2 protein chains.
Amino acid sequence: MPYLSTPLDAAFHALSDPTRRAVISRLADGELPVTVLAEPFEMALPSFTQHLKVLEASGLIASEKRGRSRWCRLERARFDEAAEWMAAERQRWADRFDRLEAYLDDTHKDDDEHGKPTGPLGA
Amino acid sequence: MPYLSTPLDAAFHALSDPTRRAVISRLADGELPVTVLAEPFEMALPSFTQHLKVLEASGLIASEKRGRSRWCRLERARFDEAAEWMAAERQRWADRFDRLEAYLDDTHKDDDEHGKPTGPLGA
């Protein structure tokens, strides 16, 4: 699927489902065997493991066989990558508003120095 | 589509495509008419507007007709909602490691107070 071609594509796709987000939340408290991880979800195990496969393919979780159980854990690097993309965009936005505010402050100071503005709002 | 049923589902789905993330980045610098917004993307306009529709349906952007142009802008509330979900999970994770560290510190202090541990690692 070409639209899942980059790590960020796959990470955000994995996060676009409430079951998968709930799995992330549960694993944030610590690693768990699949059977225990599945308990709170009212879902057949094959459907649940399908969600785990999407999460694992995205790099957001990893799993490991230990004896007769498969254990799942969060993979922090991929999650951080997605979170940092979002944080960077928010920062970009905040910077834009800071510049806008600085511009408006300057404009206002000019008004104070040179008398009332002559535009329609100041008439 | 039931799997796009919550606002967060739709927001993360919208973010799972590189073109749509690039649109978000461009709009973080300010609102733009669709024709200008489309310029850097090597894509037929109908495909591009399809991406805009996904973004608008997710609530991440809004658009408005002004004269003969349609202008797009970011909708901060929905973006913040998604970013805050991610920040909350990271915090949960950080808290877990803080607790683990505190536990290990305590265990180590006990070792210092009561002599060397008698387990296999301290033997």
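Every value quoted in this text rests on a predicted model; they were computed, and no experiment measured them. Naming: A, B, ... by sequence-line order, numbering from 1 per chain.
Taking A:E101 as the reference, nothing meets the side-chain hydrogen bond (donor to acceptor under 3.5 Å, both in side chains) condition, with sequence neighbours excluded. For the salt bridge (charged side-chain N to carboxylate O under 4.0 Å, His left out) test, residues two or more places apart in sequence or in another chain that qualify with B:R90 are A:D80, A:E84. The side-chain hydrogen bond (donor to acceptor under 3.5 Å, both in side chains) search around A:R70 returns A:S63, not counting sequence neighbours.
Within the 4.5 angstrom heavy-atom criterion, atoms from both the backbone and the side chain of A:R21 approach chain B. The contact between A:A82 and chain B is made by backbone and side chain atoms together, counting heavy-atom distances below 4.5 Å.
Heavy-atom pairs under 4.5 Å with chain B peak, among A:R96, A:R99, A:R20, at A:R96.
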Problem - Full working for side chain to side chain contact (heavy atoms under 4.5 Å, CB included) between A:L74 and A:F79 - result: CA-CA 8 Å; A:L74 274 190; A:F79 194 86; 5.6 Å; no
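A:W71 and A:L60 end up in different hydrophobic clusters when Ile, Leu, Val, Met, Phe, Trp and Tyr side chains are linked at under 4.5 Å.
The aromatic rings of A:F12 and A:W85 stand perpendicular to each other, their planes meeting at an angle above 60°, with 30° marking the opposite boundary.
Annotation: A:R66, atom CZ; neighbour count of heavy atoms from other residues, nucleotides and ligands within 6.0 Å is above 12.
Taking non-hydrogen atoms and a 4.5 Å limit, the residue list of residues 22-58 of chain B in contact with chain A, ordered by number, reads B:I24, B:S25, B:L27, B:A28, B:D29, B:G30, B:E31.
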